[in-house]
Amino acid sequence: MARPREFDVDTVLERAMQAFWAKGFKATSLDDLCAATGLSRSSLYAAFGGKRALLHQSLSRYEEQGIARITTALSRPVPIRQAVADFVGNLIERIVSGSGRTGCFIGNCAAELARQDRATADRVRRSLERIEAAFRDALVRAQSRGEIPKAADVDAIARFLVAGIQGLRLVGKAKPERATLENIAAVMLRCLEQ
């Protein structure tokens, strides 16, 4: 009979995610992961199947957290333009204050690995599609309330918002100036005007 796990999987995934996010996949060694999680190499492999599998599980955790934040932000009883503006405004605040300058974990993984690692590229693609779907669902609800024209392509708008947010986070890593980021956000929000 297998021994019960002596660690909390969510805590380990959170710590592994933070390690990968800080250094990137390639620069994060197994020793880094062991130090971050408090697990031995053998425990990491037994529980998660290795470094790449741990990365993918960390991406899944980040994706779930991101979708929960997006869904909560876009489900507020305010017009969709205001909900998106508030969501992006909070993101800008985190970038300007310093805590959001690490970029998006999904975007960072895409930039580092997507061209040479098909499994990670597929994982990143699925994450982006789910995030896009969260935006699309909110846009469809807004469209039914008359906040967006019936003829508007909510798929294209959702895709644009996800791309815009990814771009905002990338720019925020290199140029975390409020005026620049707010200018980008203002242009993004125009797609939600009547």
Side-chain angles (χ1 to χ4, degrees), residues 13-14 17 20-21 24-25 52 55-95 99-174 180-194:
L13 286 174
E14 180 68 27
M17 179 181 73
F20 284 130
W21 202 352
F25 176 76
R52 181 163 272 105
L55 173 73
H56 290 185
Q57 290 174 62
S58 296
L59 275 166
S60 292
R61 177 177 177 75
Y62 181 85
E63 171 190 319
E64 293 304 324
Q65 293 170 343
I67 289 171
R69 279 191 307 275
I70 292 164
T71 301
T72 298
L74 301 184
S75 296
R76 294 177 37 238
V78 297
I80 189 69
R81 189 182 189 291
Q82 184 62 52
V84 174
D86 292 346
F87 180 80
V88 173
N90 288 332
L91 176 59
I92 290 170
E93 265 320 304
R94 290 197 321 271
I95 292 169
S99 64
R101 288 189 198 157
T102 55
C104 171
F105 184 46
I106 295 168
N108 292 355
C109 288
E112 179 185 8
L113 299 169
R115 289 185 54 198
Q116 65 232 194
D117 180 344
R118 185 171 188 84
T120 301
D122 289 344
R123 186 72 203 83
V124 165
R125 181 185 45 75
R126 285 192 308 272
S127 291
L128 291 172
E129 286 171 351
R130 286 195 63 211
I131 292 167
E132 187 180 307
F135 275 97
R136 182 176 49 251
D137 291 347
L139 291 165
V140 167
R141 289 191 305 271
Q143 198 172 40
S144 72
R145 294 188 303 262
E147 297 172 22
I148 298 173
K150 290 286 182 200
D153 184 345
V154 292
D155 290 323
I157 295 170
R159 206 171 301 120
F160 172 75
L161 289 171
V162 171
I165 289 168
Q166 286 292 323
L168 187 69
R169 295 193 74 179
L170 180 64
V171 170
K173 288 173 78 167
T180 298
L181 300 173
E182 287 178 349
N183 178 262
I184 293 167
V187 173
M188 284 172 50
L189 290 169
R190 287 186 195 148
C191 73
L192 298 174
E193 293 174 356
Q194 285 280 7

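What's counted below: heavy atoms across the whole structure, side chains too, no hydrogens, waters or symmetry copies. As the structure is a prediction and not an experimental result, all values here were calculated from the model.
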Chemist: Is there a side chain to side chain contact (heavy atoms under 4.5 Å, CB included) between Phe25 and Thr120 once you walk through the steps?
Modeler: CA-CA 11 Å; Phe25 176 76; Thr120 301; over 6 Å; no
Chemist: So, for Val124 and Ala110, which heavy atoms are closest and what is the spacing to 0.1 Å?
Modeler: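 Smallest interatomic distance, heavy atoms only, reads CG1-CB, 3.7 Å.
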Chemist: With a 4.5 Å heavy-atom cut-off, do Ile106 and Ile131 have their side chains touching?
Modeler: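 They are in contact (side-chain heavy atoms under 4.5 Å apart), so the answer is yes.
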Chemist: Hey, are the side chains of Met188 and Val84 touching, using non-hydrogen atoms and a 4.5 Å cut-off?
Modeler: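 The answer is no; the side chains never approach within 4.5 Å.
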Chemist: Quick one: pull up CD1 in Ile95 and OG1 in Thr102 and give me the separation to the nearest 0.5 Å.
Modeler: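 The distance works out to 9.0 Å.
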Chemist: With distance as the sole test, does Arg101 use its side chain to make a donor-acceptor pair with the main-chain N or O of Lys173 at under 3.5 Å?
Modeler: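 It does not hold such a pair.
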Chemist: Within the distance-only criterion (no hydrogens, no angle test), does the side chain of Gln166 pair as donor or acceptor with the backbone N or O of Cys104 below 3.5 angstrom?
Modeler: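 It does not hold such a pair.
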Chemist: Between the side chain of Asn108 and the main-chain N/O of Gly103, is any donor-acceptor distance below 3.5 Å?
Modeler: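 Pair absent, no side-chain N/O of Asn108 close to backbone of Gly103.
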Chemist: Do Arg125 and Leu128 come close enough that some side-chain heavy atom pair is under 4.5 Å?
Modeler: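 No, too far: nothing below the 4.5 Å cut-off.
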Chemist: If I take atom CD1 from residue Ile157 and atom CD1 from residue Ile80, how far apart are they, to the nearest 0.5 angstrom?
Modeler: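 So the CD1 of Ile157 and the CD1 of Ile80 are separated by 10.0 Å.
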Chemist: Tell me, do Met17 and Leu13 make a side-chain contact under 4.5 Å, heavy atoms counted?
Modeler: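 No; the side chains remain at least 4.5 Å from each other.
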Chemist: So, for Ile92 and Leu181, which heavy atoms are closest and what is the spacing to 0.1 Å?
Modeler: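 Nearest pair, atom of Ile92 first, then Leu181: CD1-O, 3.6 Å.
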Chemist: Within this structure, what is the SG-CG distance for the pair Cys109 and Leu59, rounded to the nearest 0.5 Å?
Modeler: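 If I round to the nearest 0.5 Å, the distance is 4.0 Å.
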Chemist: Run Leu55 and Leu113 through side chain to side chain contact (heavy atoms under 4.5 Å, CB included) and show every step you take.
Modeler: CA-CA 11 Å; Leu55 173 73; Leu113 299 169; 3.6 Å; yes
Chemist: If the condition is side-chain hydrogen bond (donor to acceptor under 3.5 Å, both in side chains), which residues does Arg169 pass it with, not counting sequence neighbours?
Modeler: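 Listed in chain order: Tyr62.
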Chemist: Residues two or more places apart in sequence or in another chain: which of them pass side-chain contact (heavy atoms from CB on, under 4.5 Å) with Ala158?
Modeler: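 Ala158 satisfies side-chain contact (heavy atoms from CB on, under 4.5 Å) with Glu132, Phe135, Arg136, Leu139 once adjacent residues are dropped.
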Chemist: Sequence neighbours left out, what pairs pass ring-ring contact (aromatic ring centres under 6.0 Å, His included) with at least one residue falling in residues 142-172?
Modeler: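 Listed by first then second residue: nothing to list.
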Chemist: Could you tell me whether the side chain of Ser144 and the main chain of Arg141 form a donor-acceptor pair under 3.5 Å?
Modeler: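 Yes, Ser144 side chain to Arg141 backbone: donor-acceptor pair under 3.5 Å.
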Chemist: Once rounded to the nearest 0.5 Å, what's the spacing between atom CH2 of Trp21 and atom OG of Ser58?
Modeler: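 Output value for this atom pair is 11.0 Å.
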Chemist: Looking only at heavy atoms, what is the nearest atom pair of Ala73 and Ala83, with distance?
Modeler: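 Taking Ala73 first and Ala83 second, the nearest heavy atoms are O-CB, 3.6 Å.
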Chemist: Is the closest side-chain donor-acceptor distance between Glu147 and Gln82 under 3.5 Å?
Modeler: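 Side-chain D/A pair, Glu147 to Gln82: absent.
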Chemist: Give the C-alpha distance, both sets of side-chain angles, the deciding distance and a yes or no for side chain to side chain contact (heavy atoms under 4.5 Å, CB included) between Asp117 and Arg52.
Modeler: CA-CA 10 Å; Asp117 180 344; Arg52 181 163 272 105; 2.4 Å; yes
Chemist: Could you tell me whether Glu63 and Arg126 make a salt bridge, using a distance below 4.0 angstrom between a side-chain N and a carboxylate O?
Modeler: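 Arg126 and Glu63: not salt-bridged.
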Chemist: Please report the interatomic distance CG(Leu189) to CG(Leu161), rounded to the nearest 0.5 Å.
Modeler: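 Going from CG on Leu189 over to CG on Leu161, the span is 8.0 Å.
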Chemist: Check whether any side-chain heavy atom of Asp86 sits under 4.5 Å from a side-chain heavy atom of Arg76, and report yes or no.
Modeler: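 Of all side-chain heavy-atom pairs linking Arg76 with Asp86, at least one is under 4.5 Å.
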Chemist: Start with the C-alpha distance between Arg123 and Ser60, add both sets of side-chain angles, then the distance that settles side chain to side chain contact (heavy atoms under 4.5 Å, CB included), and finish with yes or no.
Modeler: CA-CA 8 Å; Arg123 186 72 203 83; Ser60 292; 2.7 Å; yes
Chemist: Report yes if the side chains of Pro79 and Arg145 come closer than 4.5 Å at any heavy-atom pair, otherwise no.
Modeler: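 The answer is no; the side chains never approach within 4.5 Å.
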Chemist: Please report the interatomic distance SG(Cys191) to CD1(Ile148), rounded to the nearest 0.5 Å.
Modeler: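 That separation rounds to 8.0 Å.
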